[in-house]
There are 2 protein chains.
Amino acid sequence: MVKPLIQKLEQFAKLSDEDRQVLEDAARDVKVIGPRQDIITEDDEPNDVHLILDGWAARYKMIPNGDRAILAYLIPGDLCDIHVTLLNQMDHSIGALSTCRVAFIPRQKMDEIMRRDGQLGRAIWWSTLVDEAILREWLVNMAHRSADKRLAHFICEMLLRSKAVGLTDDDSFELPLTQEELGDTMGLSTVHVNRTLQDLRAQGLITSRGKRLIVNDVDRLFEFSDYNPNYLHQVGGHKRDR
Amino acid sequence: MVKPLIQKLEQFAKLSDEDRQVLEDAARDVKVIGPRQDIITEDDEPNDVHLILDGWAARYKMIPNGDRAILAYLIPGDLCDIHVTLLNQMDHSIGALSTCRVAFIPRQKMDEIMRRDGQLGRAIWWSTLVDEAILREWLVNMAHRSADKRLAHFICEMLLRSKAVGLTDDDSFELPLTQEELGDTMGLSTVHVNRTLQDLRAQGLITSRGKRLIVNDVDRLFEFSDYNPNYLHQVGGHKRDR
DNA sequence: CGCAAGATTGAAGTACGTCAATTCCAGTGG
DNA sequence: CCACTGGAATTGACGTACTTCAATCTTGCG
């Protein structure tokens with residue numbers, strides 16, 4: 001049930017059978033959330049931590065002018081907001097994009113897990129630090145790269161993150177996003193997203209078949225987008241020397 | 001010595017005299033860092049947590065194309081990277097912009113502080129969650145707002161953050177940044193930063209005298225930049241209804 | 001089969017970047 | 001007190017990556 005999370009955490013630390021069991025127990029309360037439904041809404045004061053088991057969700061903010069800013073994608077194995085309860089209320093929302101299975105972990109349970117001795121708490125910390133590093137890299141991406149490299153960079157990241165939770169098939173993976181959602185993520189119009197994707201396809205960097213995206217040549221895509229995966233702090237894979 | 005930090009934390013929780021003393025003791029090892037010098041450099045594996053006592057520093061990444069992306073500003077009272085030691089190595093650098101006094105707090109000491117019972121640990125957590133919320137808001141800002149609103153939004157934030165640590169004088173504060181640094185922050189050319197600032201001045205929103213920036217009418221600047229300070233999770237001040 | 005939502009296209013506008021010159025200003029040395 | 005310097009701010013002219021609008025075409029799905 002919590003396989004993706006475990007797989008992700010084990011990149012960083014070896015978990016004991018007990019650790020695994022603790023996670024299984026914590027994630028018993030599973031709800032299915034339909035596409036376009038919120039998991040948490042701005043101004044909420046949530047009492048649970050949410051773990052995505054299946055499907056894609058997005059962290060987003062609405063801007064007074066009507067724009068939607070997507071701030072992060074949450075895929076299987078991702079925990080949302082381990083410690084938000086410390087803050088008075090949410091300053092953003094989290095919504096399901098596709099149909100999601102989400103485990104609701106009671107705040108108190110989560111606190112216990114984090115306080116346990118051993119590797120589990122450390123590993124979860126590590127994953128939240130990586131989430132923050134991703135946010136920083138997105139900031140670099142939005143403010144400093146052109147549309148084509150920006151999109152390519154994003155694709156590199158989602159490929160590696162999908163791979164880390166066992167959701168890839170060679171170098172292809174499900175990218176269940178509309179071009180409008182991509183635009184809200186990258187700060188681009190849908191028209192420009194469309195043309196830019198065509199461009200990447202024309203360059204032979206990617207291929208898409210429905211919602212499945214195929215990276216034809218990972219090295220070339222990395223090269224093209226100046227992709228340095230160090231911020232994901234994954235072990236083993238994908239070193240990049242510069 | 002650690003007054004700004006204490007002042008900031010007390011927005012969130014009442015600290016005991018003992019809490020205050022613990023902070024004082026932890027921040028004994030103070031170093032002066034000159035402008036343009038790094039406090040931590042990418043790929044370092046730091047053993048200390050750094051607390052800015054005086055001056056401005058910036059979190060930044062260099063991009064292969066030679067650009068510098070500024071990801072955050074660190075002002076007095078800001079702690080850098082409470083828990084980076086969990087990750088193998090830094091994925092970005094932190095550099096002093098002006099001359100900075102920085103307290104080097106040994107990792108172990110910091111761990112003890114976070115484990116103590118009572119309000120101090122909670123308050124420090126709160127401040128790191130706010131740092132992350134700031135990062136998200138910056139992402140919104142870069143990807144979804146025009147240059148003039150983007151700059152205005154940034155100025156609103158720095159005004160409130162400066163105010164929270166007692167560095168404002170009415171609605172004016174020191175902004176020791178060059179236009180090039182502003183550009184590296186906002187993803188704009190220096191030329192465009194220059195023209196945009198002139199524009200804000202011409203609209204009567206701000207005035208600058210050397211490195212001191214005066215906000216002429218906070219409400220108007222908030223209005224202009226769609227500024228909603230909820231993400232700073234400050235108590236009391238500056239509610240915004242929409 | 002039929003309908004929406006999404007993807008694609010074309011044409012025209014604009015907010016920004018680039019390049020290169022000039023002016024301003026704080027600090028330094030005489 | 002002034003002249004000199006180098007970094008920062010400012011300006012003008014021009015180029016371009018993106019946006020906007022509005023139409024059409026495609027696709028998944030009841």
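Residue numbers start from 1 in every chain, and the chains themselves are labelled A, B, ... in the order their sequence lines are given, proteins ahead of strands. Computation of the quantities below employed the complete heavy-atom set of this structure, encompassing side-chain atoms and omitting hydrogens, waters and symmetry-equivalent molecules.
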Phosphate contact (D:dA9 OP1 or OP2) by B:Lys211 side-chain N/O below 4.0 Å: yes
At 4.0 Å (heavy atoms only), tell me whether B:Arg145 reaches a base, stays on the sugar-phosphate, or touches nothing. nothing
How many Å lie between CZ on A:Arg150 and C1' on D:dA17, as a whole number? 10 Å
Return the orientation label for the B:Phe104 and B:His50 ring planes: parallel under 30°, perpendicular over 60°, tilted otherwise. perpendicular
Closer to the 5' end of DNA chain D via nearest nucleotide, is it A:His192 or A:Gly210? A:His192
Could you check how far CG of A:Asp184 sits from C1' of C:dG6, rounded to whole Å? 14 Å
Within 45° of the axis and under 6.0 Å from the centre of the six-membered ring of B:Phe173, does NZ or CZ of B:Lys163 qualify? no
Using a cut-off of 4.0 Å on non-hydrogen atoms, how would the nucleic acid contact of A:Gly187 be classed: base, sugar-phosphate, or nothing? sugar-phosphate
Could you tell me whether the phosphate oxygens of C:dT9, OP1 or OP2, come under 4.0 Å of any side-chain nitrogen or oxygen in A:Gln198? yes
Among D:dA8, C:dC16, D:dC18, the one nearest B:Thr178 by side-chain distance: D:dA8
Just call it for A:Thr190: base, sugar-phosphate, or nothing, with non-hydrogen atoms closer than 4.0 Å on any strand. nothing
Can you see if the side chain of A:Asn194 gets near the phosphate of C:dA7 - specifically, an N or O under 4.0 Å from OP1 or OP2? no
Looking only at the side chain of B:Ala147 (C-beta and beyond, no hydrogens), which of the listed nucleotides D:dC21, D:dG12, C:dC16 gets closest? C:dC16
Would you call B:Glu180 and B:Arg68 a salt bridge, using N to O less than 4.0 angstrom? no
Given atom NE2 of B:His144 and atom C1' of D:dT19, what is their separation to the nearest angstrom? 14 Å
Got a salt bridge between B:Lys8 and B:Asp78, using NZ or NE/NH1/NH2 to carboxylate O under 4.0 Å? yes
Taken to the nearest whole Å, CD/A:Glu180 to C1'/C:dA4 is 14 Å
Taking only Lys NZ, Arg NE, NH1 and NH2, and the carboxylate oxygens of Asp or Glu, determine whether B:Arg150 and B:Asp148 approach each other closer than 4.0 Å. no
Which part of the nucleic acid, if any, lies within contact of A:Ser189, taking any heavy atom under 4.0 Å across all strands shown: a base, the sugar-phosphate backbone alone, or nothing? base
For the pair made of CG in A:Leu151 and P in D:dC18, what is the distance, rounded to whole Å? 10 Å
Once you apply a heavy-atom cut-off of 4.0 Å, does B:Arg209 come out as touching a base, just sugar-phosphate, or nothing? nothing
CD of B:Gln179 versus P of C:dC25: gap in Å, rounded? 13 Å
Taking OP1 and OP2 of C:dT8, is either one under 4.0 Å from a side-chain nitrogen or oxygen of A:Arg201? yes
Any sub-3.5 Å donor-acceptor pair from B:Gln203's side-chain atoms to B:Leu200's backbone N or O? no
By the 4.0 Å heavy-atom rule, please label B:Leu188 as base, sugar-phosphate, or nothing. sugar-phosphate
Check whether the side chain of B:Arg195 and the base of D:dG12 form a donor-acceptor pair under 3.5 Å. yes
Nearest whole angstrom, please: distance from the P of D:dC18 to the CG of A:Asp148. 7 Å
Quickly work out the B:Asp199 CG to D:dA9 C1' distance and round it to whole Å. 16 Å
